[in-house]
Amino acid sequence: MASYILKSEPAVYSYADLAADKRTHWDGVRNATAQQNMRAMKKGDTAWIYHSQTDKAIVGIAKVVKGPYPDPDQPGTTAKGDPKGVLVDIAPVAELEEPITLKALKADGRFDELGLIRQSRLSVMPVPAALDKLLREMAGVG
DNA sequence: GCCAACGTTGGC
DNA sequence: GCCAACGTTGGC
């Protein structure tokens with residue numbers, strides 16, 4: 001099962017918002033690379049929620065409950081006939097008791113290949129299975 | 001279709 | 001608040 005990191009500004013939509021909503025459409029992803037990553041997601045995949053700016057930490061785990069499917073806010077299709085934009089639905093799984101900070105990830109050294117560190121602006125990125133395992137160990141889940 | 005200019009994001 | 005990185009836009 002695949003694993004991803006979804007980045008969000010907590011001022012806009014935080015893990016607490018997701019926990020309150022029980023489920024949300026992860027929309028507003030316009031970046032082409034992030035869109036590509038979202039297209040690869042499947043129902044049941046893991047989604048780590050990362051807060052940028054004030055927190056700069058992974059604060060919770062969610063799972064993909066639907067998707068990807070065409071984003072009604074980005075109508076139309078590409079030249080290839082694919083939807084221009086897709087989105088997924090996610091539901092909260094657990095909030096981390098101790099958020100995994102960006103600082104900790106950098107200090108660890110084993111996460112250097114992670115998109116979060118190498119390409120900080122990317123808002124949706126895949127997590128290799130080995131690193132997903134590490135994150136679970138650090139988070140004390142799974 | 002290429003490339004420079006510009007805007008946005010996010011870490012520090 | 002600043003700066004670096006990167007994506008996007010628009011002129012050619």
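All figures in this text were calculated on a predicted structure; none of them were measured in a lab. By convention in this document, chain letters (A, B, ...) are assigned in the order of the sequence lines, proteins followed by strands, and residues within each chain are numbered from 1.
Of the residues in residues 111-125 of chain A, those lying under 4.0 Å from DNA chain C by heavy-atom distance are A:Q119, A:R121.
Remark: A:S52 engages no residue in a side chain to side chain donor-acceptor pair (under 3.5 Å) (not counting sequence neighbours). Legend: residues meeting salt bridge (Lys or Arg N to Asp or Glu O under 4.0 Å) with A:K66, ordered by chain and number and at least two apart, are absent. Legend: residues meeting side chain to side chain contact (heavy atoms under 4.5 Å, CB included) with A:P128, ordered by chain and number and at least two apart, are A:E113, A:L114, A:L131. Annotation: side chain to side chain donor-acceptor pair (under 3.5 Å) contacts of A:N31 (sequence neighbours excluded): none.
Under the 3.5 Å distance criterion, the side-chain polar atoms of A:Y50 are left unmatched by any main-chain donor or acceptor of A:L116.
Across all strands shown, A:K103 has no heavy atoms under 4.0 Å from either base or sugar-phosphate atoms.
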Side-chain donor-acceptor pairs under 3.5 Å in residues 91-110 of chain A, sequence neighbours left out?
| unit_1 | atom_1 | unit_2 | atom_2 | d |
| --- | --- | --- | --- | --- |
| A:T101 | OG1 | A:A104 | N | 3.0 |
| A:D108 | OD1 | A:R110 | N | 3.0 |
| A:D108 | OD1 | A:R110 | NE | 2.8 |
| A:D108 | OD2 | A:R110 | NH2 | 3.1 |

Atom pairs and distances, side-chain donor-acceptor, residues 2-10 of chain A, under 3.5 Å, sequence neighbours left out:
| unit_1 | atom_1 | unit_2 | atom_2 | d |
| --- | --- | --- | --- | --- |
| A:S3 | OG | A:W48 | NE1 | 3.1 |
| A:S3 | OG | A:D132 | OD1 | 2.7 |
| A:Y4 | OH | A:A40 | O | 3.4 |
| A:K7 | NZ | A:S120 | O | 2.0 |
| A:K7 | NZ | A:L122 | O | 3.0 |
| A:S8 | OG | A:Y13 | O | 2.4 |

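Applying the salt bridge (Lys or Arg N to Asp or Glu O under 4.0 Å) definition to pairs two or more places apart or across chains, those involving residues 15-30 of chain A are A:R23-A:D89.
Put simply, chain A comes within 4.0 Å of DNA chain B, heavy atom to any atom, from B:dG7 to B:dC12, going 5' to 3'.
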